[in-house]
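Residue numbering restarts at 1 for every chain, and letters A, B, ... go by the order of the sequence lines.
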2 protein chains.
Amino acid sequence: MIKKMTLEEIGKLAGVSRSTVSRVVNRQPDVKAEVRERVMEVIRETGFVPNSAARSLATQRSGILGLVIPRSVATFFGDPYFARLTQGITQACNARGYMLSLFLFHSNNDEELLLPRLSQGSFLDGVIVQATRDDDPIIPQLMKAALPFLVVGRLNTMPEGVSFIDVDNVSGAYKAVEHLINLGHERIAHITGSLDNRASLDRLIGYKNALAAHNLPVDENLIVDGAFTEDGGYEATRDLLPHQPDAIFAASDIMAIGALRALKDAGLQVPNDVAVVGFDDLLSSYQTEFALTTIRQPILRFGVSAVEVISDIIENGNTPPRQKIYDTELIIRETCGARQ
Amino acid sequence: MIKKMTLEEIGKLAGVSRSTVSRVVNRQPDVKAEVRERVMEVIRETGFVPNSAARSLATQRSGILGLVIPRSVATFFGDPYFARLTQGITQACNARGYMLSLFLFHSNNDEELLLPRLSQGSFLDGVIVQATRDDDPIIPQLMKAALPFLVVGRLNTMPEGVSFIDVDNVSGAYKAVEHLINLGHERIAHITGSLDNRASLDRLIGYKNALAAHNLPVDENLIVDGAFTEDGGYEATRDLLPHQPDAIFAASDIMAIGALRALKDAGLQVPNDVAVVGFDDLLSSYQTEFALTTIRQPILRFGVSAVEVISDIIENGNTPPRQKIYDTELIIRETCGARQ
DNA sequence: GTGAAAGCGCTAACAA
DNA sequence: TTGTTAGCGCTTTCAC
């Protein structure tokens with residue numbers, strides 16, 4: 001069992017003062033090489049690690065980042081999106097020496113209790129918040145607090161001066177649909193995600209834009225809500241079939257899987273009878289039954305960027321607000337028919 | 001923008017000393033009701049929250065719990081198991097006033113860098129570790145550090161004196177198989193998870209125990225590895241079909257879904273031709289195409305218990321080590337045929 | 001019941 | 001290049 005040491009004690013062992021040890025620990029330049037080596041040696045032997053509370057108190061920095069998943073999306077934590085995002089964020093935190101503290105709000109109560117503690121206790125250097133409903137009080141509260149924060153994703157009405165990063169859902173959907181158009185499809189259906197969601201809305205816009213750009217009509221019968229679930233995609237597809245789509249663009253891979261299943265059950269061939277394109281490319285590890293053509297969101301890198309941006313804000317302030325939109329990538333596999 | 005206050009300043013505003021404010025904040029008894037009210041009022045007005053670094057430094061307690069997912073399982077973070085576990089843990093943390101700090105080790109390097117910081121920096125009051133490979137160095141390292149920790153799940157060879165909580169996989173599997181036996185099945189196949197995994201091993205034992213207890217032979221042809229993936233379950237089932245099982249017990253729901261799909265593709269009826277039982281009951285929100293009979297793991301409550309146990313250890317020490325095994329529950333739906 | 005004062009372990013300005 | 005010293009904001013004896 002390793003005894004916990006202090007700078008003072010390390011200093012005594014190395015025959016120097018605590019300041020010198022502090023300098024060595026913090027990699028400051030003005031220490032004689034020989035002394036530095038002696039101190040390092042003692043640190044190695046003792047396994048010394050500086051006390052983080054004391055350090056935070058003195059520097060007014062905790063080295064801790066918060067990741068906040070508001071109540072309205074907490075139930076979706078099973079969603080691979082959050083898992084991957086979290087993974088990217090922790091990865092970047094590890095690389096940059098930050099610790100990550102996770103806040104999932106399960107109830108109103110949690111939110112009321114934790115938000116002030118989190119924004120006022122100077123426990124966190126900065127916060128990454130998952131965007132949520134427009135009326136979520138969390139953004140205004142963070143704006144009042146003197147705490148750097150970054151929104152991941154966007155709200156429909158984003159307050160002025162808020163930093164965010166997001167994926168370009170409009171152009172992603174556009175790419176998907178244009179790809180189908182280029183393959184000769186004309187009756188392209190769209191299974192949307194829940195439309196209380198900015199991402200769903202944007203993907204719908206991209207879908208319509210692509211049709212318009214190629215002089216194809218928008219047929220409202222070909223637009224059905226799939227609620228971001230596999231069953232939703234399945235049901236949506238059943239609703240679509242009477243209107244004879246020759247292709248389906250689903251706003252998520254999960255829904256695309258549901259669609260593929262529905263097509264299979266209806267005895268239709270993919271991609272010959274109906275082509276399918278999804279969105280996300282988050283499932284590859286789970287599901288290889290279908291080689292799904294999809295729009296890849298670079299979620300992992302997205303998480304990494306989130307950490308980079310928030311730490312930039314922490315170091316240099318929030319002016320001007322950082323607002324970055326990341327591009328997506330069309331991943332051609334088999335369900336679109338381009339590979340035949 | 002709320003200014004950050006100190007106890008001293010609050011005291012000045014309320015006309016008392018900082019000690020009194022501290023007593024009020026910490027709900028200590030010996031404060032005159034009138035004074036307490038006056039101080040509370042100021043705190044409310046100013047939105048004061050005590051500085052957590054200063055508090056940690058003085059109390060030697062951080063109020064932070066660590067959740068460590070070692071490298072060997074970090075890739076499985078997409079697994080709903082971890083998502084749910086994390087959810088249960090954060091929920092309990094919120095309720096008990098702990099903060100949760102997440103450590104996903106992605107590389108060897110992460111592990112070497114972070115483990116000492118985490119176990120020596122007195123940044124955490126305690127750690128919850130997901131069990132992993134037997135040769136993972138993390139358990140020995142934590143034992144050396146003076147840091148309370150609790151293992152979630154078990155290793156094959158668990159060092160003496162380590163506290164852990166786990167689910168009773170043996171009896172869970174036993175229940176599943178016994179249920180199938182009671183329904184009259186005799187050629188019950190088992191799709192195992194990856195067998196480098198204690199949980200898979202235990203489920204296999206439970207499967208064999210149940211057969212033995214009912215004088216049914218163990219046919220090695222009826223035991224196939226499904227690697228905990230849907231495709232693994234699908235392939236395993238294809239391998240099983242020539243041996244004509246009348247029921248399949250899959251060691252996870254994901255694999256059970258794969259099995260159901262394989263049976264469907266083979267033109268077999270569930271549960272009439274082949275009955276299916278899974279394990280986990282973690283998928284209900286994603287997947288309702290099949291009403292899968294399964295063994296429910298109380299993961300959410302499990303997470304809650306983890307926090308309770310670790311905080312017990314923090315407060316009262318690790319002697320005796322806490323070792324709890326939680327029971328599972330048979331959830332009868334449609335794929336086993338009991339409901340027909 | 002309340003206040004004064006010491007100290008938690010560190011950083012950083014200043015002095016040497 | 002190194003040491004001395006004064007805090008960082010809180011808790012906690014100890015007096016009163």
Side-chain angles (χ1 to χ4, degrees), chain A residues 2-40 42-43 46-64 97 99 117 120-125 146, chain B residues 2-40 42-43 46-64 97 99 117 120-125 146:
Chain A
I2 302 168
K3 187 189 174 303
K4 251 158 211 159
M5 297 266 177
T6 68
L7 281 186
E8 194 74 49
E9 294 172 301
I10 299 295
K12 200 168 296 170
L13 287 174
V16 296
S17 79
R18 75 153 134 229
S19 328
T20 301
V21 181
S22 172
R23 288 184 187 106
V24 172
V25 168
N26 294 299
R27 296 184 172 64
Q28 286 178 26
D30 298 331
V31 180
K32 207 193 290 172
E34 178 207 319
V35 176
R36 176 186 302 276
E37 196 38 60
R38 189 149 33 97
V39 173
M40 292 283 272
V42 176
I43 290 177
T46 54
F48 171 76
V49 176
N51 179 298
S52 46
R55 175 179 272 181
S56 304
L57 184 56
T59 57
Q60 313 283 34
R61 282 283 187 92
S62 67
I64 309 175
M99 307 270 185
R117 286 226 290 151
Q120 287 301 115
S122 61
F123 162 65
L124 300 174
D125 289 347
Chain B
I2 302 169
K3 186 191 175 301
K4 251 158 213 161
M5 296 267 176
T6 67
L7 281 186
E8 194 74 48
E9 295 172 300
I10 299 294
K12 201 168 293 168
L13 287 175
V16 295
S17 79
R18 73 152 136 234
S19 326
T20 301
V21 180
S22 172
R23 288 184 187 106
V24 171
V25 167
N26 294 298
R27 295 182 173 66
Q28 288 178 26
D30 298 333
V31 180
K32 208 194 291 174
E34 179 207 316
V35 176
R36 175 184 304 275
E37 196 38 60
R38 188 148 35 98
V39 174
M40 292 283 272
V42 177
I43 290 177
T46 54
F48 171 76
V49 176
N51 178 299
S52 45
R55 174 178 272 182
S56 304
L57 184 55
T59 57
Q60 313 282 33
R61 282 281 187 95
S62 68
I64 309 175
M99 307 271 186
R117 286 226 290 151
Q120 287 300 114
S122 60
F123 162 64
L124 301 174
D125 289 347

Just how far, in rounded Å, is [atom2] of [N] from [atom1] of [X]?
{"X": "B:R55", "N": "C:dG9", "atom1": "CZ", "atom2": "P", "result": "18 Å"}
{"X": "A:L7", "N": "D:dG3", "atom1": "CG", "atom2": "P", "result": "13 Å"}
{"X": "B:E8", "N": "C:dT2", "atom1": "CD", "atom2": "C1'", "result": "14 Å"}
{"X": "A:F48", "N": "C:dG9", "atom1": "CZ", "atom2": "C1'", "result": "8 Å"}

With a 4.0 Å limit, can you tell me whether [X] has a side-chain N or O closer than that to the phosphate oxygens OP1/OP2 of [N]?
{"X": "A:S22", "N": "C:dT11", "value": "yes"}
{"X": "B:T20", "N": "C:dG3", "value": "yes"}
{"X": "B:Q60", "N": "C:dG9", "value": "yes"}
{"X": "B:T6", "N": "D:dG9", "value": "no"}
{"X": "A:N51", "N": "C:dC8", "value": "no"}

When you look at A:M5 and B:Q120, which way does the side chain to side chain contact (heavy atoms under 4.5 Å, CB included) test go after all the steps? CA-CA 9 Å; A:M5 297 266 177; B:Q120 287 300 114; over 6 Å; no
Does the C:dG1 base have a donor-acceptor partner in the side chain of B:R36 within less than 3.5 Å?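 Not at all, since no donor on one side and acceptor on the other fall under 3.5 Å apart.
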Which part of the nucleic acid, if any, lies within reach of A:D30 when heavy atoms closer than 4.0 Å are counted: base, sugar-phosphate only, or nothing?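 Base contact.
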Taking all non-hydrogen atoms of both residues, which atom of B:G97 and which atom of A:R117 are closest, and how far apart?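 For B:G97 and A:R117, the tightest heavy-atom pair comes out as O-NH2, 3.2 Å.
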